[in-house]
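Note that the numbering runs from 1 along the sequence shown for the chain.
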Amino acid sequence: KSPAADRLRNKMKAIAALLLMLNYLSVSHGCTCTEGPQQFPAVQIDAGQGNVVMTDSNNYAYFLIGSQWYKMGSLTLKHVSVGPAGIWGVDLDDRVYKYVAGSFVYATGESLQQVDAGGDGQVVGVTSTSTIHCLKSTIASAYREQSTLNWTTLPGLLMYFSCSSKYGCWGVNSGQNIYFTKVTPSTCGISGWIQVDGLAVMVEIGTDGSVFVVNRGGEVFQRQGIDSSTPQGTSWTKIPMPSRISHVSYDRGNLWVVTDYGIILKCLY
């Protein structure tokens, strides 16, 4: 027996145990998870406006139609995002792309390691050195053919940044601190940073303003008390999961989850 075969066998056993656990997972906090459409192993997932996209361990991007994942061309991407600004992604060399008429179009002007299209038309992202950048909504929506884009640099340093068209934007820095701000889509001006309690390695905001984070231990939390008068919310509630989680995204009542084994879960919420 080869070590590789043993590792694969152990991994499959763990996956089988996880799926078995899912069958007995009780409804808690109004959330129940089932096995979602698989493109194994998944790495990152993003949902917005009823659409769902993902990347797998081979760095290919996929779009969900019904219960089937469809490959979005042969370009390799490490992060992809869908929202009001369309579908945007970044490749292994931090080059930025927008999905236009069936193919990814390269956008020069800024190199990003993570990008988010969930805002009210604007696109935001962060670089490998944690600088934060925003593409105005008018520029993002009009982008159709390869050209150089003029990104606005925002103050601060973040390693992950996510926006919603409702209430605002959230980010986490390399120290796992969590921050909130409001971004004006047409100007990329911000309201200033508010540090929020807790620690996380990633944060995602749904179109309706729902906020979920994943911490270093693979646990998932939802922000409570978010409204127009308190857009940064008031407290965190832990969402029980059957496994360590590496990535989440929320849209239209569905919390899409990627486990650390690369399995996709769809949790009704």
Quick one: do Val52 and Asp46 satisfy side chain to side chain contact (heavy atoms under 4.5 Å, CB included)? Show the steps, please. CA-CA 6 Å; Val52 188; Asp46 195 60; over 6 Å; no
How many angstroms lie between SG in Cys169 and CG in Leu154, if you round to the nearest 0.5 Å? 8.5 Å
Donor-acceptor under 3.5 Å (Arg144 side chain, Ser141 main chain): yes
To the nearest 0.5 angstrom, please state how far the CD1 atom of Ile245 sits from the SG atom of Cys33. 7.5 Å
Do the non-hydrogen side-chain atoms of Val172 and Asn177 ever get within less than 4.5 Å of each other? no
Are Val258 and Val214 connected in a single hydrophobic cluster, I mean Ile/Leu/Val/Met/Phe/Trp/Tyr linked by side-chain heavy atoms less than 4.5 Å apart? no
Should Tyr62 and Asp56 count as side-chain neighbours, where that means a heavy-atom distance under 4.5 Å? yes
With rounding to the nearest 0.5 angstrom, report the CZ to CG distance, Arg95 to Leu77. 10.5 Å
Nearest heavy-atom pair of Ser249 and Ile45: which atoms, and what distance? CB-O, 3.6 Å
Could you tell me whether the side chain of Ser243 reaches within less than 4.5 Å of the side chain of Val257, counting heavy atoms only? no
Applying side chain to side chain donor-acceptor pair (under 3.5 Å), which residue pairs with at least one partner in residues 152-163 are found, sequence neighbours left out? Asp116-Ser162, His133-Thr153, Tyr160-Glu204, Tyr160-His247, Ser162-Glu204
Got a sec: does the CG of Asp93 have more than 12 other heavy atoms crowding it under 6.0 Å? yes
How far apart are the C-alpha atoms of Tyr70 and Phe63, what are their side-chain angles, what is the distance that settles it, and do they pass the ring pair (Phe, Tyr, Trp, His ring centres under 6.0 Å) test? CA-CA 5 Å; Tyr70 289 87; Phe63 187 93; 8.7 Å; no
Using side-chain heavy atoms (C-beta onward) and a distance below 4.5 Å, is Trp236 in contact with Val211? yes
Indicate if Val82 and Leu64 have the same hydrophobic cluster label, given that clusters are the connected sets of ILVMFWY residues with side-chain heavy-atom separations under 4.5 angstrom. no
Residues in salt bridge (charged side-chain N to carboxylate O under 4.0 Å, His left out) contact with Asp120, at least two apart in sequence or another chain: none
If we count only N and O atoms by modelled type, under 3.5 Å, do the side chains of Gln44 and Thr55 hold a donor and an acceptor together? yes
Say whether, by atom type as modelled, one donor and one acceptor occur between the side chain of Thr127 and the main chain of Thr131 under 3.5 angstrom. yes
Any chance you could lay out the side chain to side chain contact (heavy atoms under 4.5 Å, CB included) test for Asp94 and Lys78, step after step, and finish with the verdict? CA-CA 9 Å; Asp94 292 354; Lys78 63 181 177 181; 2.5 Å; yes
Taking the six-membered ring for Trp and the full ring for Phe, Tyr or His, determine whether the centres of Phe104 and Tyr99 are under 6.0 Å apart. yes
Answer yes or no: is there a donor N or O on one side and an acceptor on the other, between the side chain of Gln38 and the main chain of Ile263, under 3.5 Å? no
Can you confirm whether Met159 sits close enough to Asn173 that some side-chain heavy atom of one is under 4.5 Å from a side-chain heavy atom of the other? no
Between Asp208 and Arg252, is there a salt bridge with N-O shorter than 4.0 Å? no
With a 4.5 Å heavy-atom cut-off, do Lys136 and Val123 have their side chains touching? no
Any chance the side chains of Thr148 and Thr108 put a donor and an acceptor closer than 3.5 Å? yes
For the residue pair Trp69 and Trp256, does the interplanar ring angle fall in the parallel (under 30°), tilted (30 to 60°) or perpendicular (over 60°) class? perpendicular
Hey, could you give me the CD/CD1 distance between Gln232 and Ile178, rounded to the nearest 0.5 Å? 13.0 Å
Arg223 with Asp197: basic N within carboxylate O range, under 4.0 Å: yes
Measuring from atom OG of Ser67 to atom NZ of Lys266, what distance do you get when rounded to the nearest 0.5 angstrom? 9.0 Å
Under 3.5 Å, is there a donor-acceptor pair between the side chain of Ser164 and the main chain of Lys166? yes
Any donor-acceptor N/O pair, Thr76 side chain to Asn59 backbone, under 3.5 Å: no
Do Gln176 and Val201 come within less than 4.5 Å of each other through their side chains, counting heavy atoms only? yes
Leu112 and Val124: same hydrophobic cluster, using ILVMFWY side-chain contacts below 4.5 Å? no
Tell me whether Ser191 contacts the main-chain N or O of Thr181 through its side chain, where contact means a donor paired with an acceptor under 3.5 Å. no
Do any N or O atoms from the side chain of Lys98 and from the backbone of Ala140 form a donor-acceptor pair under 3.5 angstrom? yes
Are Trp151 and Tyr143 close enough that their ring centres sit under 6.0 Å apart? no
From Tyr106 atom OH to Ser147 atom OG, the distance as rounded to the nearest 0.5 Å: 11.5 Å
Could you tell me if Gln122 and Ser137 have a donor-acceptor pair between their side chains, going purely by distance under 3.5 Å? no
Passes side chain to side chain contact (heavy atoms under 4.5 Å, CB included), His79 versus Val43? Steps please. CA-CA 9 Å; His79 192 100; Val43 173; over 6 Å; no
With Trp170, which of Phe161, Trp193, Phe212, Phe180 fulfils ring pair (Phe, Tyr, Trp, His ring centres under 6.0 Å)? Phe180
Would you sort out whether Thr237 and Gln224 count as a side-chain hydrogen bond (donor to acceptor under 3.5 Å, both in side chains), showing the intermediate values? CA-CA 7 Å; Thr237 298; Gln224 304 294 336; 3.2 Å; yes
Step-by-step side chain to side chain contact (heavy atoms under 4.5 Å, CB included) determination, Tyr179 to Val203: CA-CA 10 Å; Tyr179 293 89; Val203 57; over 6 Å; no
Is there a side-chain contact between Ile239 and Phe221 in this structure, where contact means two heavy atoms from C-beta onward sitting under 4.5 Å apart? no
Do Ser246 and Asp260 meet the criterion of a side-chain donor-acceptor pair at a distance under 3.5 Å? no
Side-chain (Thr259) to main-chain (Tyr261) donor-acceptor, under 3.5 angstrom: yes
